[in-house]
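Predicted, not measured: the structure shown is a model, and the values here were computed from it.
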Protein chains: 2
Amino acid sequence: MRLSTKGRYGVKAMFDLALHGGESPLPLKTIAERQEISEPYLEQLISTLRKSGLVHSVRGAHGGYLLADSPDQITVGSIIRSLEGSMAPADCVAEEEPVDCSKADCCVTRGVWEKIRISIDNVIDSITLQDMIDDYNELCKQNKMYYI
Amino acid sequence: MRLSTKGRYGVKAMFDLALHGGESPLPLKTIAERQEISEPYLEQLISTLRKSGLVHSVRGAHGGYLLADSPDQITVGSIIRSLEGSMAPADCVAEEEPVDCSKADCCVTRGVWEKIRISIDNVIDSITLQDMIDDYNELCKQNKMYYI
DNA sequence: CTAAAACCAACCGAATTGGTTGGTTTTCGT
DNA sequence: ACGAAAACCAACCAATTCGGTTGGTTTTAG
């Protein structure tokens with residue numbers, strides 16, 4: 001049950017924006033190169049993130065992207081959900097428009113899928129970009145591994 | 001990040017075996033019909049489960065399948081892992097042969113994927129087929145919904 | 001005016017998914 | 001001894017998804 005590159009690249013890009021972005025917009029090219037992601041592909045992903053209101057864009061020369069909110073207000077969950085939809089292991093337990101099954105009221109496996117979904121949601125909704133920055137500062141900076 | 005039908009059908013089939021199976025082997029046809037799964041497709045899945053040692057088979061007429069252990073010894077995790085591999089959201093945090101990344105020692109997103117994997121593992125390894133039977137008895141039997 | 005950058009739509013090859021088809025072997029009951 | 005039931009097995013297949021690429025247009029700072 002792998003996450004697709006959409007979710008993984010999306011989180012990487014948003015983390016990059018949180019770590020290296022500031023007042024002035026960060027061009028996509030910079031993010032794509034630093035995170036080693038195909039730029040035109042990342043463009044599709046960030047377009048989705050923009051439509052979800054997680055980033056703002058500035059067009060034209062010296063344009064780029066900015067986080068729409070402070071890093072401690074943006075969760076990994078909101079990023080992943082924007083790009084991949086619900087983290088439900090089965091359609092019948094998705095948050096948004098769960099496919100309803102005729103046997104739902106007596107489906108034991110449904111209970112299992114729901115427990116998994118809730119458990120994933122708890123994790124991804126509890127991690128913010130600020131948490132990741134803090135991790136980065138502990139994990140990497142002291143090892144003299146900057147700007148990754 | 002949906003589970004594929006392999007994992008979902010596999011858990012359903014194993015639950016069916018736990019609920020309706022007994023001393024004598026249960027033919028696949030019965031399970032497939034009751035769970036509304038294509039029989040030849042389910043055959044591929046149960047073949048995998050057999051090779052993983054989760055079920056035993058009896059060939060010939062009046063043959064079928066039996067759980068290899070008591071329901072309280074078989075976890076949902078072992079079933080899903082047999083059919084789908086690790087529940088890791090990214091290759092770099094899979095239990096078995098994690099693809100190692102050159103940046104692993106300074107990768108913050110890796111930490112996120114690992115937390116997700118551990119959280120999923122905790123849930124699926126804590127649910128046994130016996131737990132599902134107990135849920136069934138509470139949830140369905142009192143509503144007079146037998147044999148589903 | 002030009003370069004940089006966001007924005008957009010359409011296309012594409014490869015892999016995966018969710019099966020099906022067409023057998024063979026084994027074993028029970030008669 | 002034989003027929004039916006059932007496990008076992010390998011190969012094939014259509015549709016979808018994945019992970020992009022291509023080829024533009026619009027916008028804006030300098």
Rounded to whole Å, please give me the gap between [atom1] in [X] and [atom2] in [N].
X	N	atom1	atom2	value
A/L45	C/dC7	CG	P	14 Å
A/R2	C/dT17	CZ	P	11 Å
A/K29	C/dA3	NZ	P	14 Å
B/K51	D/dA10	NZ	C1'	11 Å
B/L42	D/dA6	CG	C1'	14 Å
B/E36	C/dG19	CD	C1'	17 Å
A/L17	C/dA6	CG	P	10 Å

| said: A/V123 and side chain to side chain contact (heavy atoms under 4.5 Å, CB included): which single residue from A/D125, A/I120, A/I127 fits? | reply: A/I127

| query | Of B/M87, B/R8, B/M14, which meets side chain to side chain contact (heavy atoms under 4.5 Å, CB included) against B/I80? | reply | B/M87

| Has the side chain of A/Q35 got a donor or acceptor atom that lies under 3.5 Å from a matching backbone atom of A/A13? | no

| Which part of the nucleic acid does A/L28 contact within heavy-atom distance under 4.0 Å: base, sugar-phosphate only, or nothing? | sugar-phosphate

| query | Got a second to check how far A/R117's CZ is from A/N122's CG, nearest 0.5 Å? | reply | 9.5 Å

| Approximate separation, where rounding is to 0.5 Å, of B/I133 CD1 and B/H20 NE2 | 9.5 Å

Distances under 3.5 Å between protein N/O atoms and the N/O atoms of nucleotides 26-30 of chain C, please, pair by pair.
from, atom 1, to, atom 2, distance (Å)
C/dT26, O2, B/G60, N, 3.4
C/dT27, O2, B/A61, N, 3.1

| request: Examine A/V11 and A/L66 and state if one hydrophobic cluster contains both, with Ile, Leu, Val, Met, Phe, Trp and Tyr joined whenever side-chain heavy atoms are less than 4.5 Å apart. | output: no

At a cut-off of 3.5 Å, list every protein nitrogen or oxygen paired with a nitrogen or oxygen from nucleotides 17-22 of chain D, distance to 0.1 Å.
from, atom 1, to, atom 2, distance (Å)
D/dG19, OP2, A/T5, N, 3.0
D/dG19, OP2, A/T5, OG1, 2.9
D/dG19, O5', A/T5, OG1, 3.4
D/dG20, OP2, A/Y9, OH, 2.8
D/dT21, OP2, A/S38, OG, 2.7
D/dT21, O4, A/Q44, NE2, 2.7

Establish, from distance only, whether the side-chain atoms of [X] and [Y] form a donor-acceptor pair under 3.5 Å.
X	Y	result
A/T128	A/Q73	no
B/T5	B/Y41	yes
B/K115	B/S119	no

| Phosphate OP1/OP2 of C/dC8 contacted by A/R50 side-chain N/O (<4.0 Å) | yes

